[in-house]
Amino acid sequence: MSDASSPLIVHGTGPAGDPLLDGLNPPQREAVEYRGPALLIVAGAGSGKTRVLTHRIASLLRSREAWPSQILAITFTNKAAQEMRERVEQLVGDGARGMWISTFHSACVRILRREAEQFGFTSSFTIYDSGDSRALIKRLVKEHEADALGLTPAAVQSKISKLKNELSDADAYARTVSHDDPAERVFIEIFRDYEKQLRRANAFDFDDLIAQTVYLFRAFPQVADVYRKRFRHILVDEYQDTNHAQYALIHELTRPVQSSQDVGGGMLALLDEGEAASLTVVGDSDQSIYAFRGADIRNISEFERDFPGAKVVLLEQNYRSTQNILDAANAVIANNFDRKAKNLWTDAGTGEKVVGFTGYSQHDEAQFVADEIEALHRAGAAYGDIAVFYRTNSQSRALEEIFIRAAVPYKIMGGTKFYERAEIKDALAYLVAVANPADEMALRRILNKPKRGIGAVTETSIARFAEDHGITFRDALANAAELGVGPKLQAAIAQLDTVLREATEIMLPASGEAAPPTSVTEGLQLLLNKSGYYDALRASRDPQDEARVENLDELVAVTREFARNNPEGTLLDFLTEVALVADSDDLDDESGSVSLMTLHTAKGLEFDHVFLTGVEEDLIPHRISAGEPGGPQEERRLFYVGITRARKRLYLSLAMTRAQFGEVSVAMPSRFLQEIPAHLIDWRQSPGDVNGRGGTQSRALNARRPASGSDRWGVKPLPAGGGLKPKSTAMDRFPGLVTNKVRDNGDLELAPGDRIRHDDFGEGRVDAVTGEGAKRIAHVRFDTAGAKKLLIKVAPIAKL
DNA sequence: CCGTGCAAAAAACTT
DNA sequence: TTTTGCACGG
């Protein structure tokens, strides 16, 4: 425990009327006001940690204990960073300028760009995302014929990533394993090659960004000192999800300054030589869900041992959810044994019960979700306040299919990401080829895109020529005539070379003067036009290519947007931003759409109404987690994270059957459901109601159940005469219909008053038609299924 | 070197 | 179900 002798006096006004402390509960205040070398804020879900962090920063700035430039705040996503910056700005206005508020990765990129020359890179290095790494590893695995030894690209990639997160490298790893094992030997060769290729390409992968920064600091203490002197207050959010490399980075930065080298800059005059920066970390071990990525829960559980004298503040009051939701969450997480007891509570009242629903199929489940969303919407909820979570990205498809038909506006976060689309990666590879000519991967990628007749043979001759003459792959392109290839190919290569040159002149003028902010947009357009990429897509008769052109237009729009936001932004800045954005970052908006995302993406967010879907064994907990140490416990935390995102209403849904890879299999309710006290759940349709498939078999099975109303699912007996409203879906006719190909009703005209027939919902009357063109929506009152909205173009309907 | 067609694999989460 | 990888013929 830290003593109370902290000499610093907090400037400013007394406890009453202080805008930074008003409305905070006592532990929150303490977390804002405490001054000392190390502070751990254990912040339960929804306990206001962002508020505490921002107020703490504002408090440091207001009292002049720190200049903005002396503050480094690390968050997990760019979105969280942006939000924190905005909230600090609200508190202190312009005084926030100069702070580093960013993710681990962006902060490291900034440092590496400045210091790359120190250790054999140039500051124009590029960043390989996981897809780029996989492509490179795939090639190496093939070259080493490693698949024969059971080394798949995926396995190699994850092993390399794990090792880098532990700050190991190929040489270090080689010392720890037996060389008798041929698989290990080949793995080490591949690892070495991988490192070599990255270095040659002047590139870092995601893991390198952290690990290489740590190496840099350790190998060049005087460089590390620059940052140690600069950052006097370091704050780390989501500390429970840091891995060893990130932990080491924080340790390096909070070491006492070693040398007294002068680095210039008036602000630095303030600090005491030799004193370590103060460290604040915020986290909740119950929300640690990234062990698979190397997150080490011990970083937070042993914080007090790592930083003797650290102060610990516990935030348990929840300001987000109703008591019922918290009771459910507490009950679930209590099943994890090795955790410190913690109980979230609220004074917001009991609230609604958790709603449960069991569908016959994933489509049935999705239909329930869509219907319920519409009901919420009619009751006044904004779509933007509703979210649907699932464990795996593949589950989004069924939801999407139903949502499109029900005309529920939705938005998928993550999933098939924009920046992972082939055409976008191609376009970016063109930009990388300009920004970092050493990057062979990028060049090889665009060599034959669009088709220029350059195949593997020609590619090899270029590589050989480069090697023979001691020049780079990029420079070899300038010598088309000497490559020993046919005249057609020579022309193609020369043309590519010219296009790249012209683009370079625009984006990185040789004159040395800074390129104008519009240069990235211009350069990209030139590359896409003159390379023939656009033309090839437009000439294609593949309908998907139309969408590709649109995506590329979108990318051009992104460059414009970037130029607007970053008038000084260079090509490299643009590429860096693109490489480090996650798609969870662009959920900026009040766009009026329901948000669909994985449970992982949901971390750190909150919504009024939350649907947690696919609550089944083998999904959550996921099948693969069963074999991993701590796997099921991490899955439980993930489930807990999902529950605690909800402010007002929580829905838990599952399906009895689930199709994957086109095969239908029977699904079991998740064990986590049983961990929630039965009285908290209001089952609209419990697992017991839908045993067997469809209505036929279930009766027999139901008969065998113990007296209804008392089984472990807390099933209530169904009122005999059908006091319930009809089921939202006509299940007997449902299977198969929804999964049919998207139909096209063309110009089907509907007007209020028309009678229609729907394949699933039967007959109904059109109340109104809204929207235009392909987005026209019919509001229909069905005779038995109630009111629905239908997208006219694709709904399985016919006019009567 | 390119396109076609069939076989086989694939999907757990992310900076 | 959808995507990717390979073999083959042009």
Side-chain angles (χ1 to χ4, degrees), chain A residues 74-81 102-109 127-131 133 138 142 147 152-154 158 161 164-165 204-211 238 241-243 245-246 288-295 362 389-398 401 413-417 419-420 422 447-448 450-459 485-486 488-489 492 542 544 576 578-585 597-604 614 618-628 631 634-635 637-639 641-642 658-664 739-741:
Chain A
I74 304 275
T75 60
F76 209 66
T77 63
N78 293 295
K79 164 129 179 16
S102 68
T103 62
F104 271 106
H105 292 85
S106 327
C108 286
V109 170
I127 301 164
Y128 279 19
D129 66 22
S130 352
S133 305
K138 212 173 207 171
K142 201 172 244 175
D147 36 359
T152 64
S158 104
S161 172
K164 286 190 176 186
N165 284 332
F204 295 106
D205 67 18
F206 275 146
D207 303 316
D208 281 338
L209 294 177
I210 316 288
E238 308 281 12
D241 282 325
T242 51
N243 61 34
Q246 292 163 337
S288 163
I289 55 173
Y290 282 102
F292 70 91
R293 203 169 77 187
Q362 53 203 336
F389 302 155
Y390 36 79
R391 176 67 233 269
T392 69
N393 280 307
S394 59
Q395 289 168 252
S396 68
R397 181 174 302 254
E401 282 172 3
M413 326 304 316
T416 324
K417 295 175 185 167
Y419 291 107
E420 282 171 17
L447 215 45
N448 200 31
K451 299 232 151 38
R452 301 185 172 90
I454 303 176
V457 181
T458 313
E459 191 177 320
V485 299
K488 249 185 156 165
L489 282 169
D542 182 342
Q544 288 196 346
T576 302
V578 162
L580 296 180
V581 291
D583 278 1
S584 59
D585 293 337
M597 68 191 85
T598 65
L599 285 164
H600 282 88
T601 307
K603 191 178 75 161
D618 288 352
L619 224 39
I620 179 149
H622 196 271
R623 191 175 336 104
I624 296 174
S625 73
E628 319 224 325
E634 175 147 326
E635 296 288 305
R637 290 193 292 268
L638 189 55
F639 189 61
V641 165
R658 192 163 290 273
Q660 49 185 359
F661 304 142
E663 285 216 345
V664 181
T739 46
N740 286 346
K741 283 274 169 266

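The figures here come from the full heavy-atom set of this structure, side chains too, leaving out hydrogens, waters and symmetry mates. Chain A is the first sequence line, chain B the second, and so forth, proteins listed ahead of strands; every chain is numbered from 1.
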Original post:
Contact class for A:S130 (heavy atom, under 4.0 Å): base, sugar-phosphate, or nothing?
Top reply: base
Subject >> Listed nucleotide nearest any side-chain atom of A:K451, set B:dC2, B:dC13, B:dC1 >> reply: B:dC2
Subject >> Minimum-distance nucleotide (side-chain atoms of A:V457 versus B:dC13, B:dA12, B:dC1) >> reply: B:dC1
**OP:** Have a look at A:K138 and say if it touches a base, only the backbone sugar-phosphate, or nothing, with a 4.0 Å heavy-atom cut-off.
**Re:** sugar-phosphate
Original post:
Under 4.0 Å between a side-chain N/O of A:K603 and OP1 or OP2 of B:dT15, yes or no?
Top reply: no
Original post:
Given the side-chain rings of A:F292 and A:H622, with only the six-membered ring counted for Trp, is the space between their centroids under 6.0 Å?
Top reply: no
Subject >> d(CZ, A:R397; C1', B:dA12) in whole Å >> reply: 17 Å
**OP:** In whole angstrom, give the distance that lies between atom CG of A:N448 and atom C1' of B:dG3.
**Re:** 13 Å
**OP:** Ignoring the backbone of A:T598, work out which of B:dA12, B:dC13, B:dT15 is nearest its side chain.
**Re:** B:dC13
Original post:
NA contact type, A:K488, heavy-atom cut-off 4.0 Å: base, sugar-phosphate, or nothing?
Top reply: nothing
Subject >> Residue met sooner reading DNA chain B from 5', once A:S625 and A:F206 are mapped to nucleotides >> reply: A:S625
**OP:** Confirm from the modelled atom types if A:R293 and B:dC13 form a donor-acceptor pair under 3.5 Å, side chain to base only.
**Re:** no
**OP:** Mind telling me whether A:F76 and A:Y290 have parallel, tilted or perpendicular rings, with 30° and 60° as the class edges?
**Re:** tilted
Subject >> Atom-pair distance (CZ on A:R623; C1' on B:dA10), nearest Å >> reply: 12 Å
**OP:** Answer whether the closest heavy-atom distance between the side chains of A:F206 and A:L580 falls below 4.5 Å.
**Re:** yes
Subject >> Gap between atoms CD and P, on A:E420 and B:dA11 respectively (whole Å) >> reply: 12 Å
Original post:
Choosing from B:dT14, B:dT15, B:dA12, which nucleotide comes nearest the side chain of A:R391?
Top reply: B:dA12
Original post:
Given atom CE of A:M413 and atom C1' of B:dT15, what is their separation to the nearest angstrom?
Top reply: 16 Å
Original post:
C:dT4 and B:dC13: how far apart are their P atoms, nearest whole angstrom?
Top reply: 16 Å
Subject >> For A:A107 against A:I74, the heavy-atom pair lying closest together >> reply: CB-CD1, 4.2 Å
Original post:
Does A:N393 place a side-chain N or O at less than 4.0 Å from the phosphate oxygens OP1/OP2 of B:dC13?
Top reply: yes
Subject >> Centroid distance under 5.5 Å and plane angle under 30°, A:F292 vs B:dC13 >> reply: yes
Original post:
Starting at the 5' end of DNA chain B and moving along, which residue's nearest nucleotide shows up first, A:A456 or A:I289?
Top reply: A:A456
Original post:
Can you tell me how far P of B:dA12 sits from CG of A:L619, to the nearest Å?
Top reply: 10 Å
Original post:
Can you check whether A:A398's main-chain N or O pairs, donor with acceptor, with A:E401's side chain at less than 3.5 Å?
Top reply: no
Subject >> B:dA11 versus C:dC6 - spacing of their C1' atoms, nearest Å >> reply: 22 Å
Original post:
Is the phosphate of B:dT14, meaning OP1 or OP2, less than 4.0 Å from a side-chain N or O of A:T77?
Top reply: no
**OP:** Verify the stacking flag for A:F661 against B:dA11: centroid separation must be under 5.5 angstrom and the ring planes must differ by under 30 degrees.
**Re:** no
Original post:
Is A:Y290 touching bases, backbone alone, or none of the nucleic acid, heavy atoms closer than 4.0 Å?
Top reply: sugar-phosphate
Original post:
Counting only Watson-Crick or G-U wobble pairs whose two distances fall under 3.5 Å, which nucleotide matches B:dT4?
Top reply: C:dA7
**OP:** Let me know the distance between CG of A:L599 and C1' of B:dT14, rounded to the nearest Å.
**Re:** 14 Å
Original post:
Distance-only, no hydrogens or angles: does the A:D205 side chain make a donor-acceptor pair with backbone N or O of A:S130 under 3.5 Å?
Top reply: no
Original post:
Taking atom C1' of B:dA12 as reference, at what distance in whole Å does atom CZ of A:F389 sit?
Top reply: 17 Å
**OP:** Give A:S394 one of three labels, base, sugar-phosphate or nothing, depending on what nucleic acid heavy atoms sit under 4.0 Å from its own.
**Re:** base
**OP:** Please determine if A:D618 and A:R658 form a salt bridge, counting it only when a charged side-chain N lies under 4.0 Å from a carboxylate O.
**Re:** no
**OP:** Looking at every strand, decide which applies to A:H622 at a 4.0 Å heavy-atom threshold: base, sugar-phosphate, or nothing.
**Re:** sugar-phosphate
